[in-house]
Number of protein chains: 2
Amino acid sequence: MAKGQTNKGLTERLQAALKERGQRWTEQRQIIVDVLAASDGHATGAELVERVRQDDPSATPSTVYRTLDLLEELGLARHHHGPDGRETYHLEETTEHGHLHCRGCGAEQELDAAAAAPILKAITGATGFSADLDHLSLQGLCATCRADQKG
Amino acid sequence: MAKGQTNKGLTERLQAALKERGQRWTEQRQIIVDVLAASDGHATGAELVERVRQDDPSATPSTVYRTLDLLEELGLARHHHGPDGRETYHLEETTEHGHLHCRGCGAEQELDAAAAAPILKAITGATGFSADLDHLSLQGLCATCRADQKG
DNA sequence: ATGCTTATTGCAACGTGTTGCGATAGACTC
DNA sequence: GAGTCTATCGCAACACGTTGCAATAAGCAT
(Lines give C-alpha, C1' and ligand atoms only; values in the text may rest on other atoms or scores of the structure.)
Protein backbone atom coordinates (compact mmCIF):
# COMPACT_ATOMS: atom_id res chain seq x y z
CA MET A 1 0.00 0.00 0.00
CA ALA A 2 2.91 2.32 0.66
CA LYS A 3 4.05 4.11 -2.40
CA GLY A 4 7.82 3.73 -2.14
CA GLN A 5 8.17 0.03 -2.80
CA THR A 6 5.57 -0.79 -5.36
CA ASN A 7 8.15 -0.31 -8.06
CA LYS A 8 10.51 -2.90 -6.66
CA GLY A 9 7.75 -5.42 -6.16
CA LEU A 10 6.66 -4.82 -9.70
CA THR A 11 10.11 -5.48 -11.06
CA GLU A 12 10.35 -8.73 -9.16
CA ARG A 13 6.97 -9.89 -10.33
CA LEU A 14 7.94 -8.98 -13.84
CA GLN A 15 11.23 -10.84 -13.77
CA ALA A 16 9.54 -13.93 -12.41
CA ALA A 17 6.76 -13.80 -14.99
CA LEU A 18 9.22 -13.39 -17.83
CA LYS A 19 11.44 -16.21 -16.73
CA GLU A 20 8.47 -18.50 -16.50
CA ARG A 21 7.61 -17.74 -20.11
CA GLY A 22 11.16 -18.10 -21.38
CA GLN A 23 11.39 -14.39 -21.92
CA ARG A 24 14.13 -12.01 -20.93
CA TRP A 25 14.76 -9.25 -18.51
CA THR A 26 16.53 -6.31 -20.11
CA GLU A 27 17.59 -2.89 -19.04
CA GLN A 28 15.16 -1.27 -21.43
CA ARG A 29 12.30 -3.04 -19.76
CA GLN A 30 13.52 -1.90 -16.39
CA ILE A 31 13.59 1.68 -17.64
CA ILE A 32 10.15 1.47 -19.17
CA VAL A 33 8.66 0.03 -16.00
CA ASP A 34 10.38 2.72 -13.96
CA VAL A 35 9.06 5.46 -16.20
CA LEU A 36 5.59 4.03 -16.08
CA ALA A 37 5.75 3.81 -12.30
CA ALA A 38 7.06 7.37 -12.09
CA SER A 39 4.22 8.78 -14.17
CA ASP A 40 1.83 8.05 -11.38
CA GLY A 41 -1.40 8.81 -13.19
CA HIS A 42 -1.76 8.16 -16.88
CA ALA A 43 0.59 8.88 -19.73
CA THR A 44 0.19 8.69 -23.48
CA GLY A 45 2.36 6.42 -25.53
CA ALA A 46 4.25 9.36 -26.99
CA GLU A 47 4.96 10.80 -23.54
CA LEU A 48 6.29 7.49 -22.32
CA VAL A 49 8.50 7.14 -25.37
CA GLU A 50 9.94 10.57 -24.76
CA ARG A 51 10.61 9.95 -21.08
CA VAL A 52 12.22 6.62 -21.77
CA ARG A 53 14.48 8.28 -24.30
CA GLN A 54 15.65 10.71 -21.65
CA ASP A 55 16.95 7.78 -19.64
CA ASP A 56 18.17 5.88 -22.67
CA PRO A 57 18.45 7.86 -25.91
CA SER A 58 19.05 4.69 -27.88
CA ALA A 59 15.55 3.40 -27.12
CA THR A 60 13.17 3.45 -30.06
CA PRO A 61 9.36 3.81 -30.17
CA SER A 62 8.90 0.28 -31.39
CA THR A 63 10.68 -1.08 -28.34
CA VAL A 64 8.65 1.04 -25.97
CA TYR A 65 5.34 0.10 -27.54
CA ARG A 66 6.26 -3.54 -27.73
CA THR A 67 7.22 -3.51 -24.08
CA LEU A 68 3.99 -1.81 -23.13
CA ASP A 69 2.09 -4.50 -25.02
CA LEU A 70 4.09 -7.12 -23.16
CA LEU A 71 3.29 -5.51 -19.81
CA GLU A 72 -0.37 -5.64 -20.72
CA GLU A 73 -0.13 -9.27 -21.68
CA LEU A 74 1.38 -9.95 -18.29
CA GLY A 75 -1.39 -7.97 -16.64
CA LEU A 76 1.01 -5.42 -15.17
CA ALA A 77 -0.21 -2.47 -17.20
CA ARG A 78 -3.32 -1.34 -19.00
CA HIS A 79 -4.13 1.09 -21.72
CA HIS A 80 -7.26 2.78 -22.86
CA HIS A 81 -8.09 5.24 -25.61
CA GLY A 82 -8.85 8.85 -24.82
CA PRO A 83 -11.60 10.77 -26.59
CA ASP A 84 -9.16 11.64 -29.37
CA GLY A 85 -8.15 8.03 -29.87
CA ARG A 86 -4.70 8.50 -28.35
CA GLU A 87 -3.46 5.69 -26.18
CA THR A 88 -3.06 6.20 -22.46
CA TYR A 89 -1.20 3.76 -20.25
CA HIS A 90 -1.15 3.16 -16.55
CA LEU A 91 0.17 0.48 -14.22
CA GLU A 92 -2.11 -2.27 -13.07
CA GLU A 93 -1.31 -1.38 -9.47
CA THR A 94 -3.53 1.61 -9.96
CA THR A 95 -6.89 0.25 -8.96
CA GLU A 96 -9.17 -0.67 -11.79
CA HIS A 97 -11.17 2.32 -12.86
CA GLY A 98 -13.09 3.88 -15.70
CA HIS A 99 -12.72 7.32 -17.22
CA LEU A 100 -15.16 10.17 -17.62
CA HIS A 101 -14.23 12.86 -20.08
CA CYS A 102 -16.20 16.11 -19.96
CA ARG A 103 -16.72 17.73 -23.34
CA GLY A 104 -17.61 20.98 -21.61
CA CYS A 105 -14.52 21.73 -19.55
CA GLY A 106 -12.23 19.01 -20.84
CA ALA A 107 -11.74 17.61 -17.36
CA GLU A 108 -10.97 13.96 -16.93
CA GLN A 109 -12.51 12.23 -13.95
CA GLU A 110 -11.79 8.75 -12.72
CA LEU A 111 -14.50 6.33 -11.86
CA ASP A 112 -13.66 3.85 -9.15
CA ALA A 113 -15.10 0.40 -8.77
CA ALA A 114 -17.55 1.36 -6.03
CA ALA A 115 -19.02 4.23 -8.01
CA ALA A 116 -19.12 2.11 -11.13
CA ALA A 117 -20.90 -0.85 -9.59
CA PRO A 118 -24.44 0.40 -10.24
CA ILE A 119 -23.47 1.38 -13.76
CA LEU A 120 -22.05 -2.02 -14.59
CA LYS A 121 -25.11 -3.59 -13.08
CA ALA A 122 -27.35 -1.44 -15.27
CA ILE A 123 -25.35 -2.46 -18.32
CA THR A 124 -25.70 -6.13 -17.53
CA GLY A 125 -29.39 -5.66 -16.83
CA ALA A 126 -30.07 -3.84 -20.07
CA THR A 127 -27.88 -5.87 -22.40
CA GLY A 128 -26.61 -9.06 -20.79
CA PHE A 129 -23.19 -7.62 -21.42
CA SER A 130 -20.57 -7.76 -18.68
CA ALA A 131 -18.49 -4.62 -19.24
CA ASP A 132 -14.84 -4.18 -18.32
CA LEU A 133 -14.43 -1.24 -16.00
CA ASP A 134 -10.95 -0.61 -17.30
CA HIS A 135 -12.27 -0.03 -20.78
CA LEU A 136 -15.15 2.11 -19.66
CA SER A 137 -14.43 5.48 -21.17
CA LEU A 138 -17.35 7.86 -21.22
CA GLN A 139 -17.74 11.24 -22.76
CA GLY A 140 -20.41 13.69 -21.69
CA LEU A 141 -21.01 16.66 -19.44
CA CYS A 142 -19.86 16.75 -15.85
CA ALA A 143 -22.15 17.98 -13.10
CA THR A 144 -20.53 21.42 -13.03
CA CYS A 145 -20.88 22.00 -16.74
CA ARG A 146 -24.46 20.82 -16.67
CA ALA A 147 -25.19 23.32 -13.91
CA ASP A 148 -23.48 26.06 -15.93
CA GLN A 149 -25.59 25.31 -18.94
CA LYS A 150 -28.76 25.50 -16.93
CA GLY A 151 -27.75 28.69 -15.13
CA MET B 1 -38.32 6.72 -42.52
CA ALA B 2 -38.08 5.15 -45.95
CA LYS B 3 -34.59 4.26 -46.93
CA GLY B 4 -34.43 5.41 -50.52
CA GLN B 5 -34.59 9.15 -50.11
CA THR B 6 -32.63 9.87 -47.00
CA ASN B 7 -29.63 10.61 -49.13
CA LYS B 8 -31.32 13.33 -51.15
CA GLY B 9 -32.75 14.98 -48.07
CA LEU B 10 -29.35 14.93 -46.53
CA THR B 11 -27.77 16.67 -49.49
CA GLU B 12 -30.39 19.39 -49.37
CA ARG B 13 -29.97 19.92 -45.67
CA LEU B 14 -26.24 20.05 -46.14
CA GLN B 15 -26.40 22.61 -48.95
CA ALA B 16 -28.67 24.82 -46.90
CA ALA B 17 -26.50 24.59 -43.82
CA LEU B 18 -23.37 25.39 -45.77
CA LYS B 19 -24.87 28.39 -47.52
CA GLU B 20 -26.00 29.77 -44.22
CA ARG B 21 -22.46 29.61 -42.93
CA GLY B 22 -20.88 31.08 -46.05
CA GLN B 23 -19.44 27.73 -46.94
CA ARG B 24 -19.44 25.97 -50.25
CA TRP B 25 -21.00 22.99 -51.86
CA THR B 26 -18.53 20.94 -53.87
CA GLU B 27 -18.57 17.76 -55.82
CA GLN B 28 -16.16 16.13 -53.38
CA ARG B 29 -18.54 16.74 -50.56
CA GLN B 30 -21.35 15.24 -52.55
CA ILE B 31 -19.26 12.17 -53.18
CA ILE B 32 -18.25 11.83 -49.55
CA VAL B 33 -21.84 12.13 -48.36
CA ASP B 34 -22.90 9.58 -50.94
CA VAL B 35 -20.23 7.17 -49.85
CA LEU B 36 -21.12 7.64 -46.22
CA ALA B 37 -24.79 7.06 -46.99
CA ALA B 38 -23.93 3.98 -49.03
CA SER B 39 -21.92 2.41 -46.23
CA ASP B 40 -25.06 1.88 -44.27
CA GLY B 41 -23.55 0.82 -41.00
CA HIS B 42 -20.20 2.11 -39.87
CA ALA B 43 -17.01 2.62 -41.77
CA THR B 44 -13.51 3.51 -40.69
CA GLY B 45 -11.84 6.64 -41.96
CA ALA B 46 -9.48 4.64 -44.13
CA GLU B 47 -12.35 2.70 -45.71
CA LEU B 48 -14.18 5.88 -46.53
CA VAL B 49 -11.08 7.41 -48.05
CA GLU B 50 -10.63 4.40 -50.26
CA ARG B 51 -14.23 4.34 -51.41
CA VAL B 52 -14.21 8.04 -52.14
CA ARG B 53 -11.09 7.58 -54.23
CA GLN B 54 -12.87 4.97 -56.31
CA ASP B 55 -15.37 7.63 -57.33
CA ASP B 56 -12.79 10.40 -57.57
CA PRO B 57 -9.17 9.28 -57.67
CA SER B 58 -8.00 12.84 -57.23
CA ALA B 59 -9.47 13.04 -53.74
CA THR B 60 -6.93 13.04 -50.93
CA PRO B 61 -7.19 11.80 -47.35
CA SER B 62 -6.97 15.29 -45.94
CA THR B 63 -10.02 16.37 -47.92
CA VAL B 64 -12.01 13.36 -46.84
CA TYR B 65 -11.15 13.77 -43.17
CA ARG B 66 -11.78 17.50 -43.26
CA THR B 67 -15.15 16.90 -44.84
CA LEU B 68 -16.02 14.30 -42.25
CA ASP B 69 -15.12 16.78 -39.53
CA LEU B 70 -17.32 19.34 -41.22
CA LEU B 71 -20.22 16.92 -41.38
CA GLU B 72 -19.84 16.34 -37.68
CA GLU B 73 -19.77 20.04 -36.97
CA LEU B 74 -23.03 20.32 -38.87
CA GLY B 75 -24.47 17.43 -36.91
CA LEU B 76 -24.91 15.27 -40.01
CA ALA B 77 -22.38 12.62 -39.09
CA ARG B 78 -20.72 11.18 -36.04
CA HIS B 79 -17.63 9.26 -35.27
CA HIS B 80 -16.47 7.16 -32.39
CA HIS B 81 -13.34 5.18 -31.65
CA GLY B 82 -13.32 1.41 -31.83
CA PRO B 83 -11.53 -0.73 -29.25
CA ASP B 84 -8.31 -0.36 -31.25
CA GLY B 85 -8.59 3.41 -31.38
CA ARG B 86 -9.50 3.52 -35.07
CA GLU B 87 -12.12 6.02 -36.06
CA THR B 88 -15.51 4.85 -37.23
CA TYR B 89 -18.00 7.13 -38.91
CA HIS B 90 -21.71 6.93 -39.47
CA LEU B 91 -24.46 9.29 -40.58
CA GLU B 92 -26.53 11.08 -38.03
CA GLU B 93 -29.67 9.66 -39.60
CA THR B 94 -28.71 6.42 -37.96
CA THR B 95 -30.39 6.71 -34.61
CA GLU B 96 -28.16 7.64 -31.75
CA HIS B 97 -26.63 4.55 -30.24
CA GLY B 98 -23.75 3.22 -28.23
CA HIS B 99 -21.44 0.32 -29.01
CA LEU B 100 -20.66 -2.86 -27.16
CA HIS B 101 -17.57 -4.73 -28.18
CA CYS B 102 -17.18 -8.29 -26.94
CA ARG B 103 -13.60 -9.28 -26.19
CA GLY B 104 -14.62 -12.94 -26.26
CA CYS B 105 -16.07 -13.36 -29.73
CA GLY B 106 -15.19 -9.98 -31.17
CA ALA B 107 -18.80 -9.23 -31.97
CA GLU B 108 -19.97 -5.67 -32.07
CA GLN B 109 -23.43 -4.95 -30.73
CA GLU B 110 -25.34 -1.71 -30.95
CA LEU B 111 -27.07 -0.23 -27.98
CA ASP B 112 -30.15 1.79 -28.77
CA ALA B 113 -31.49 4.67 -26.74
CA ALA B 114 -34.19 2.66 -25.01
CA ALA B 115 -31.78 -0.02 -23.84
CA ALA B 116 -29.27 2.59 -22.80
CA ALA B 117 -31.67 4.70 -20.74
CA PRO B 118 -31.19 2.84 -17.46
CA ILE B 119 -27.43 2.83 -18.01
CA LEU B 120 -27.25 6.57 -18.58
CA LYS B 121 -29.43 7.04 -15.56
CA ALA B 122 -27.11 4.93 -13.44
CA ILE B 123 -24.14 6.95 -14.67
CA THR B 124 -25.77 10.21 -13.72
CA GLY B 125 -26.80 8.80 -10.39
CA ALA B 126 -23.33 7.52 -9.54
CA THR B 127 -21.28 10.42 -10.87
CA GLY B 128 -23.43 13.43 -11.73
CA PHE B 129 -22.08 12.96 -15.21
CA SER B 130 -24.43 13.16 -18.18
CA ALA B 131 -22.91 10.78 -20.70
CA ASP B 132 -23.28 11.00 -24.49
CA LEU B 133 -24.80 7.85 -25.84
CA ASP B 134 -22.98 8.31 -29.12
CA HIS B 135 -19.64 8.14 -27.38
CA LEU B 136 -20.57 5.21 -25.21
CA SER B 137 -18.26 2.48 -26.34
CA LEU B 138 -18.00 -0.45 -23.97
CA GLN B 139 -15.79 -3.45 -24.00
CA GLY B 140 -16.58 -6.60 -22.09
CA LEU B 141 -18.13 -10.01 -22.48
CA CYS B 142 -21.45 -10.56 -24.21
CA ALA B 143 -24.09 -12.81 -22.70
CA THR B 144 -23.17 -15.73 -24.96
CA CYS B 145 -19.49 -15.64 -24.11
CA ARG B 146 -20.26 -15.34 -20.44
CA ALA B 147 -22.43 -18.44 -20.67
CA ASP B 148 -19.68 -20.27 -22.55
CA GLN B 149 -17.17 -19.46 -19.85
CA LYS B 150 -19.47 -20.73 -17.17
CA GLY B 151 -20.45 -23.84 -19.09
C1' DA C 1 -19.81 36.30 -69.22
C1' DT C 2 -16.01 38.60 -66.28
C1' DG C 3 -13.77 39.59 -62.21
C1' DC C 4 -13.35 39.39 -57.14
C1' DT C 5 -13.17 37.25 -52.68
C1' DT C 6 -12.06 33.51 -49.96
C1' DA C 7 -13.44 28.58 -48.93
C1' DT C 8 -11.66 24.40 -50.43
C1' DT C 9 -8.38 21.43 -52.44
C1' DG C 10 -3.91 18.88 -53.10
C1' DC C 11 0.47 18.42 -51.63
C1' DA C 12 3.95 17.58 -48.49
C1' DA C 13 5.41 17.03 -44.00
C1' DC C 14 4.48 15.67 -39.52
C1' DG C 15 2.73 12.78 -35.21
C1' DT C 16 1.41 8.47 -33.29
C1' DG C 17 1.51 3.71 -33.45
C1' DT C 18 2.65 -0.96 -35.93
C1' DT C 19 5.27 -4.43 -38.42
C1' DG C 20 9.19 -7.08 -40.78
C1' DC C 21 13.83 -8.10 -40.72
C1' DG C 22 18.72 -8.49 -39.82
C1' DA C 23 21.88 -7.58 -35.93
C1' DT C 24 22.59 -7.71 -31.04
C1' DA C 25 22.81 -9.58 -26.75
C1' DG C 26 20.42 -12.41 -22.68
C1' DA C 27 20.31 -16.77 -20.53
C1' DC C 28 21.56 -21.34 -20.38
C1' DT C 29 24.87 -25.43 -21.09
C1' DC C 30 29.22 -27.25 -20.98
C1' DG D 1 34.66 -18.39 -19.69
C1' DA D 2 33.16 -19.97 -24.48
C1' DG D 3 29.49 -21.48 -27.33
C1' DT D 4 24.63 -21.91 -28.60
C1' DC D 5 19.93 -20.65 -29.06
C1' DT D 6 16.62 -17.29 -29.68
C1' DA D 7 14.26 -13.25 -27.49
C1' DT D 8 14.86 -8.56 -28.02
C1' DC D 9 16.53 -4.46 -30.18
C1' DG D 10 17.13 -0.78 -33.73
C1' DC D 11 16.07 0.45 -38.11
C1' DA D 12 13.26 1.40 -41.89
C1' DA D 13 8.98 1.31 -43.92
C1' DC D 14 4.26 1.44 -43.46
C1' DA D 15 -0.78 2.83 -41.89
C1' DC D 16 -3.94 6.19 -40.12
C1' DG D 17 -4.92 10.79 -39.21
C1' DT D 18 -3.67 15.94 -38.91
C1' DT D 19 -1.89 20.41 -40.24
C1' DG D 20 0.24 24.47 -43.00
C1' DC D 21 0.51 26.53 -47.23
C1' DA D 22 0.11 27.78 -52.10
C1' DA D 23 -2.98 26.96 -56.05
C1' DT D 24 -7.62 26.28 -57.47
C1' DA D 25 -12.27 27.08 -57.99
C1' DA D 26 -17.13 28.17 -55.81
C1' DG D 27 -20.27 31.75 -55.26
C1' DC D 28 -21.42 36.42 -55.64
C1' DA D 29 -21.63 41.09 -57.87
C1' DT D 30 -21.52 43.60 -61.98
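Convention: sequence-line order gives letters A, B, ...; per-chain numbering from 1. The shown structure was predicted, so the numbers you read here are calculated from the model rather than taken from an experiment.
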Pairing of A:Glu73 and A:Arg21 as salt bridge, 4.0 angstrom limit:
yes
Counting just side-chain N and O atoms, does A:Tyr65 come under 4.0 Å of either OP1 or OP2 of C:dG17?
yes
Please report, rounded to the nearest Å, how far the P atom of C:dG17 is from the CZ atom of A:Arg53.
14 Å
Using modelled atom types and a 3.5 Å cut-off, is there a donor and acceptor pairing between side-chain atoms of B:Arg103 and backbone atoms of B:Cys142?
no
Roughly, in whole Å, what's the span from CZ in A:Arg86 to C1' in D:dT18?
8 Å
Distance, nearest 0.5 Å, that separates OG1 of B:Thr44 from NE2 of B:His79
12.5 Å
Here the distance between atom P of C:dG26 and atom CD of A:Glu27, to the nearest Å, is 9 Å
Would you mind reading off the distance between A:Gln15 atom CD and C:dG26 atom C1', rounded to a whole angstrom?
13 Å
Mind checking the CG-CG spacing from A:Leu133 to A:Asp112? Nearest 0.5 Å is all I need.
8.5 Å
Nucleotide D:dT18, atom P - distance to CG of B:Leu48 in whole Å:
13 Å
Each nucleotide in nucleotides 5-13 of chain C should get exactly one letter: B, S or -. Can you fill that in based on protein heavy atoms under 4.0 Å?
BBBSBBB--
For A:His80, side-chain contact (heavy atoms from CB on, under 4.5 Å) partners two or more places apart
A:His42, A:Thr88, A:His99, A:Glu108, A:Ser137
What is the separation between atom CG on B:Asp84 and atom P on C:dT16, rounded to the nearest whole Å?
18 Å
In whole angstrom, give the distance that lies between atom CZ of B:Arg21 and atom P of D:dC28.
16 Å
To check you understand the geometry: which heavy-atom pair defines the closest contact between B:Thr124 and B:Phe129, and what is its length?
OG1-O, 3.1 Å
In whole angstroms, how far is the P atom of C:dG17 from the NE2 atom of A:His79?
10 Å
